[in-house]
Amino acid sequence: MQLKTIDLCAGIGGIRRGFELAGGYINVESAEIDEFACKTYEHLYGNNPRHNVSDLAFKKVLQRLRYDVLLAGFPCQAFSSVGQRKGFEDKTKGTIFFDIADIIKMTRPKVVFLENVQNLLSHDKKATINTIFDTLGRQLDYHIVGLKYDTNGDPIIERSSFLRNSIDFGVPQNRPRVYIIAFSRAYFGKHVELIEKELPTKRLGAAIYDDLNSILEDSVEPRYFLSTKYLETLERHIIVQHEKGYGFGYRIVNSPEIKRPVANTLLATGGSGKERNLILDYKNGKQYAGHEIKGKYSPINDKCIRTMTPTEWGRLQGFIGYGFIDDDGKEMFSFPEGIPVSQQFKQFGNSVTIPVIEEMARFVQRNIDAMYSNFSPTERRLFSMYGNEFLLCKTIWTDMETTLREKTLNQYFDMVYHFGLNPFRTKELADYLKVSSARASQILGQLTEMRCVIRTGERSYVFEDLLSKTNN
């Protein structure tokens with residue numbers, strides 16, 4: 001089946017691309033506020049992602065949207081520790097996660113996929129991750145893959161259940177990240193028992209690259225080679241750090257003695273921290289040694305040491321050489337004109353590893369298929385609905401399943417699907433269902449007697465308001 005996604009805190013669309021590569025997904029809305037990232041995103045996908053997840057008007061747009069899976073690589077921010085087991089509005093005010101939780105509450109996606117840095121699991125003395133799991137699991141009623149509970153019903157958070165490393169998914173980069181996948185209990189009900197107990201731990205197919213040497217460019221510009229004085233500064237710094245017993249300092253990650261070299265984590269800061277992934281490049285370095293170039297205060301070093309290039313970072317993240325190869329084997333990834341090199345580093349460093357996301361997307365699809373195959377006809381009908389219309393029909397089914405025939409239930413579902421949450425007249429209902437006005441009035445009366453409340457992020461919709469008692 002094809003599932004619709006929304007791509008929040010999108011960056012340059014790495015999560016979206018991973019889901020697209022898995023097949024069976026189509027993106028219908030995006031949100032990103034960094035202008036450079038927006039330019040790249042629009043260049044790659046042809047969609048304008050310039051929306052803010054904190055903006056109420058944008059949330060209302062999403063509330064009217066029919067989609068299945070919410071994707072978000074949200075930033076990690078400090079959460080308030082005020083209150084115990086209160087609503088997430090009290091505990092996460094002012095954070096992006098609050099806005100994402102608000103969107104989940106308003107739109108009720110079938111699946112939520114979140115990605116974050118590994119420190120999320122220990123951030124703010126675990127208050128952050130506890131709040132996230134409490135919000136998703138208890139308050140919003142989602143089944144979180146890998147989350148266990150003790151005898152008191154309190155969550156047991158095991159790092160191994162949520163941490164996955166890019167190196168296990170076919171790319172030579174040591175990049176541990178937190179992945180959270182949650183399935184809606186409202187949609188899947190008892191069938192969540194069929195969901196696999198743990199997230200994917202490795203790439204199912206062959207590795208994309210054998211090791212770090214496989215991603216290195218043949219020809220590299222001189223500007224990526226370190227100047228002599230800067231290299232000397234790094235060498236002095238690492239001596240001091242080692243004398244203090246620290247492991248800080250530069251790293252040459254493809255030194256000859258390393259049998260299968262692997263890159264350290266690419267940093268979101270892009271411009272800083274590149275000295276943790278220095279490359280020994282004799283081929284290009286020998287021809288540039290001693291050259292003076294603009295922007296460097298001393299000649300290029302004669303030890304042939306350089307930083308990686310944006311293209312190499314792109315390969316390590318699965319964008320270049322994998323994620324955007326067309327059916328003819330042609331590389332389709334590129335940056336739009338005017339994106340500085342520093343921004344190229346930043347955008348790759350701030351993104352996700354596409355092959356990891358691809359496996360996660362297959363996991364989602366595989367488990368949805370397994371549950372869907374066990375659905376009753378009514379459950380399948382409900383699965384085709386979205387948001388508050390789904391909640392309304394689910395409530396009708398839950399409250400009236402034993403008292404109404406399946407045909408009548410489907411009439412009610414048809415009515416909600418056709419009219420949505422808009423008021424309507426009995427005559428309109430009669431015309432739509434092709435029943436008499438008396439029968440339509442009877443249906444209307446049954447629903448108004450339920451006095452059921454469907455809550456949204458802003459207000460409550462009551463049947464008496466939705467199903468008008470106006471004259472025939």
Non-hydrogen atoms of [X] and [Y] that approach each other most closely:
X: Ile357; Y: Gly18; value: CG2-CA, 3.9 Å
X: Ala22; Y: Arg362; value: CB-CG, 3.8 Å
X: Ile208; Y: Pro355; value: CD1-CG, 3.3 Å
X: Arg66; Y: Ser384; value: NH1-O, 4.4 Å

Hey, does [Y] have a side-chain heavy atom less than 4.5 Å from the side chain of [X]?
X: Met360; Y: Ile15; value: no
X: Trp397; Y: Leu409; value: yes
X: Ile100; Y: Ile96; value: yes
X: Gln317; Y: Arg175; value: yes
X: Thr309; Y: Val220; value: yes
X: Leu216; Y: Ile279; value: yes
X: Ser334; Y: His43; value: yes
X: Val341; Y: Pro310; value: yes

Is any NZ, NE, NH1 or NH2 atom of the basic residue among [X] and [Y] found under 4.0 Å from an Asp or Glu carboxylate oxygen of the other?
X: Glu196; Y: Arg366; value: yes
X: Asp326; Y: Lys330; value: no
X: Arg50; Y: Glu35; value: yes
X: Arg203; Y: Asp168; value: no
X: Lys4; Y: Asp68; value: no
X: Asp211; Y: Lys259; value: no

Stepwise, does the side-chain contact (heavy atoms from CB on, under 4.5 Å) test hold for Gln173 with Ile167? CA-CA 5 Å; Gln173 180 190 177; Ile167 195 173; over 6 Å; no
If only atom types and distance count, is the side chain of [X] paired as donor or acceptor with the main-chain N or O of [Y] below 3.5 Å?
X: Glu221; Y: Arg223; answer: no
X: His51; Y: Glu32; answer: no
X: Ser166; Y: Thr353; answer: no
X: Gln139; Y: Ala101; answer: no
X: Asn130; Y: Lys126; answer: yes
X: Glu379; Y: Ser376; answer: yes
X: Tyr25; Y: Gln365; answer: yes
X: Arg17; Y: Gly318; answer: no
X: Asn350; Y: Lys346; answer: no
X: Asn152; Y: Asp154; answer: no

From [atom1] ([X]) to [atom2] ([Y]), nearest 0.5 Å:
X: Glu359; Y: Phe169; atom1: CD; atom2: CZ; answer: 6.5 Å
X: Thr5; Y: Ile26; atom1: OG1; atom2: CD1; answer: 8.5 Å
X: Asn277; Y: Leu212; atom1: CG; atom2: CG; answer: 7.5 Å
X: Ile6; Y: Ile103; atom1: CD1; atom2: CD1; answer: 6.0 Å
X: Gln343; Y: Phe335; atom1: CD; atom2: CZ; answer: 9.5 Å
X: Arg64; Y: Lys60; atom1: CZ; atom2: NZ; answer: 8.5 Å

Report the residue from Glu217, Glu312, Glu275 that forms a salt bridge (Lys or Arg N to Asp or Glu O under 4.0 Å) with Arg306.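 Answer to the salt bridge (Lys or Arg N to Asp or Glu O under 4.0 Å) test with Arg306 among Glu217, Glu312, Glu275: Glu312.
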Look at the aromatic rings of Phe97 and Phe74 and report parallel, tilted or perpendicular, splitting at 30° and 60°.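 Tilted.
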For Phe162 and Phe133, what are the C-alpha separation, side-chain angles and deciding distance, and is it a ring-ring contact (aromatic ring centres under 6.0 Å, His included)? CA-CA 12 Å; Phe162 304 99; Phe133 285 154; 5.0 Å; yes
I'd like to know whether Phe348 forms a side-chain contact (heavy atoms from CB on, under 4.5 Å) with Leu267, so could you lay out the CA-CA distance, the side-chain angles of the two residues, the decisive distance to 0.1 Å, and finally the verdict. CA-CA 8 Å; Phe348 283 139; Leu267 300 181; over 6 Å; no
Compute whether any side-chain donor of one residue and acceptor of the other, for Gln347 and Thr40, lie under 3.5 angstrom apart.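 There is such a pair (donor and acceptor under 3.5 Å, judged by atom type) between the side chains of Gln347 and Thr40.
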[atom1] ([X]) with more than 12 external heavy atoms under 6.0 Å:
X: Tyr282; atom1: OH; answer: no
X: Glu337; atom1: CD; answer: no
X: Asp327; atom1: CG; answer: no
X: Ile33; atom1: CD1; answer: no

Do [X] and [Y] meet the cation-pi criteria used here (NZ or CZ under 6.0 Å from the six-membered ring centre, within 45° of the axis)?
X: Lys39; Y: Phe36; value: yes
X: Arg16; Y: Tyr45; value: yes
X: Lys110; Y: Tyr67; value: no

Determine, step by step, whether Leu194 and Asn374 satisfy the side-chain contact (heavy atoms from CB on, under 4.5 Å) criterion, reporting the C-alpha distance in whole Å, the side-chain angles of both residues, the deciding distance to 0.1 Å, and the verdict. CA-CA 10 Å; Leu194 300 174; Asn374 282 272; 3.5 Å; yes
Candidates Phe183, Phe375, Phe383, Tyr372 - the one meeting ring pair (Phe, Tyr, Trp, His ring centres under 6.0 Å) with His191: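 The residue from Phe183, Phe375, Phe383, Tyr372 that satisfies ring pair (Phe, Tyr, Trp, His ring centres under 6.0 Å) with His191 turns out to be Phe375.
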Check each of Asp7, Asn48, Asn47 against Tyr41 using the side-chain hydrogen bond (donor to acceptor under 3.5 Å, both in side chains) test, and report the only one that passes.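 Of the listed residues Asp7, Asn48, Asn47, the side-chain hydrogen bond (donor to acceptor under 3.5 Å, both in side chains) partner of Tyr41 is Asp7.
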Pair Tyr322 + Phe324: ring centers closer than 6.0 Å: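 Centroid separation for Tyr322 and Phe324: 6.0 Å or greater.
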I would like to know whether Leu278 and Arg251 meet side-chain contact (heavy atoms from CB on, under 4.5 Å); could you show each step before the answer? CA-CA 6 Å; Leu278 295 181; Arg251 291 285 187 276; over 6 Å; no
